[in-house]
Amino acid sequence: MKHVFRSLAAWPLPLLHALGWLLGWLSWLASPSYRRRWACNTGLAGVTGAARWASIGEAGKLSAELPRLWLGRPVPWRWDGAEHIEAARQAGQGMLLLTPHLGCFEIAAQAYAKSFGLGPDARPMTVLYRPPRQTWLREVVEASRARPGLATAPTTLAGVRQLIVALKRGEAVGLLPDQVPPEGQGLWAPFFGQPAYTMTLSARFARLPNTRVLLAWGERLSWGRGYVVHILPLEQVLEAPLADDMSELTAQINLAMERVIGLCPQQYLWGYARYKSPRSAA
């Protein structure tokens, strides 16, 4: 499997996305539980028509593009909203970049590292990371993510401390706030009108002094033409200041995720078990 993964890294992006589209539909057709979860999640969010059906192929592209992004030549991408990052840098603020399961999450971190994580005025990014269970895949992921301007922190107390130190240094931290955390590390908050167990870590970081919260996601362009990395301030998306209460702020972050997903619903990972019960912290 490792050799197949490495060989796919040399494929052109349009071909990988074509393969991914096919794999996405095969996975959807082969798994009744996946189809039920996809239908339930898109129904709750009110996603219909072409965007709903396109999300099946886009989910497959997400998997197929990873070999190229991790091990292959650089892919084309451009910024939309990089001035918000630059403003935080100029102000000496730490940056909390929140990325939902939307589009290509890998390209957002790589684009930041190349644009802002290198040079004399570098502000590296650290992302929270849970290693895959498969040994070969863990080795590939760890090697690919250990790149200049980009570091990883484990999903442990030591990793959380590492993220806090990075924010205090005026660096960037990346989180997926719509990932279901272990029991005791989240709160139940509305997500498309349904209670979802939501991590409080992003809300706690957002309340740290001198921290600017930005939403980031990589939009996948059609026909393998590359990506657009979008950046928006959280308060701009909410059209309101951040709440002081932890539960209210956690709900605000979910609301912001809903609004960002609404900009490109066909590229959200609707098959993700967002409403599952949290696993034991042990």
Side-chain angles (χ1 to χ4, degrees), residues 4-5 8 11-70 75-78 80-81 98-109 111 176-180 189-198 215-232 237 253-276:
V4 174
F5 200 88
L8 288 173
W11 284 29
L13 195 58
L15 189 57
L16 283 172
H17 280 175
L19 173 65
W21 183 90
L22 177 61
L23 292 175
W25 273 96
L26 288 175
S27 299
W28 185 86
L29 291 169
S31 174
S33 60
Y34 175 28
R35 290 198 301 274
R36 287 193 297 269
R37 189 164 57 244
W38 169 86
C40 178
N41 291 348
T42 53
L44 287 170
V47 179
T48 59
R52 185 173 188 246
W53 295 108
S55 68
I56 299 171
E58 293 292 334
K61 292 179 186 179
L62 172 64
S63 299
E65 67 197 0
L66 289 179
R68 174 66 183 272
L69 290 167
W70 285 344
V75 297
W77 54 268
R78 59 182 172 85
D80 174 31
L98 302 179
T99 303
H101 287 81
L102 177 66
C104 176
F105 358 121
E106 289 290 332
I107 196 62
L176 272 69
D178 58 343
Q179 196 164 20
V180 179
F191 187 67
F192 290 112
Q194 181 84 359
Y197 197 68
T198 304
L215 307 183
W217 74 100
E219 179 185 356
R220 189 179 300 110
L221 299 176
S222 60
W223 303 106
R225 292 178 294 125
Y227 306 87
V228 179
V229 181
H230 299 275
I231 304 291
L232 282 173
V237 174
I253 291 174
N254 272 2
L255 176 60
M257 294 302 105
E258 292 179 20
R259 291 179 176 177
V260 167
I261 292 165
L263 299 176
C264 193
Q266 67 274 20
Q267 292 192 16
Y268 188 65
L269 200 61
W270 296 110
Y272 178 61
R274 182 64 186 91
Y275 302 101
K276 65 183 178 182

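Just so you know, these numbers use all the heavy atoms, side chains as well, and skip hydrogens, waters and symmetry mates.
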Novice: Run the salt bridge (Lys or Arg N to Asp or Glu O under 4.0 Å) test against Glu65 and tell me which residues pass, sequence neighbours left out.
Specialist: Arg220
Novice: For His230, check ring-ring contact (aromatic ring centres under 6.0 Å, His included) against everything at least two apart and list the hits.
Specialist: Trp217
Novice: Can you confirm whether the side chains of Arg35 and Ser27 place a donor and an acceptor under 3.5 Å from each other?
Specialist: no
Novice: How close do Ala189 and Thr198 get, counting heavy atoms only, and between which atoms?
Specialist: CB-OG1, 4.0 Å
Novice: Side chains of Val260 and Leu102: does their closest heavy-atom pair fall under 4.5 Å?
Specialist: yes
Novice: What distance separates Leu98 CG from Leu232 CG, expressed to the nearest 0.5 Å?
Specialist: 12.0 Å
Novice: Between the main-chain N or O of Ala59 and the side-chain N or O of Trp21, is there a donor-acceptor pair closer than 3.5 Å?
Specialist: no
Novice: CG of Leu62 to CD of Glu106: how many Å apart, nearest 0.5 Å?
Specialist: 8.5 Å
Novice: Please check this pair: side chain of Ser31 against backbone of Trp28, looking for a donor-acceptor N/O pair closer than 3.5 Å.
Specialist: no
Novice: Distance check, rounded to the nearest 0.5 Å: Leu269 atom CG versus Ile261 atom CD1?
Specialist: 10.0 Å
Novice: When you measure from the side chain of Glu219 to the backbone N and O of Val228, does any donor-acceptor pair fall under 3.5 Å?
Specialist: no
Novice: Does Arg78 qualify as a cation-pi partner of Tyr227, given the criterion of NZ or CZ under 6.0 Å from the six-membered ring centre and within 45 degrees of its axis?
Specialist: no
Novice: Shortest non-hydrogen contact from Gly193 to Glu258?
Specialist: N-OE2, 4.4 Å
Novice: Taking C-beta and beyond as the side chain, do Ile107 and Leu69 meet within less than 4.5 Å on heavy atoms?
Specialist: yes
Novice: From the options Val47, Asn41, Asp178, select the one residue that forms a side-chain contact (heavy atoms from CB on, under 4.5 Å) with Tyr268.
Specialist: Asp178
Novice: Quick one: do the Ser55 and Arg52 side chains pair a donor with an acceptor below 3.5 Å?
Specialist: no
Novice: Using a 4.5 Å cut-off on heavy atoms from C-beta on, say whether the side chain of Tyr275 contacts that of Phe192.
Specialist: yes
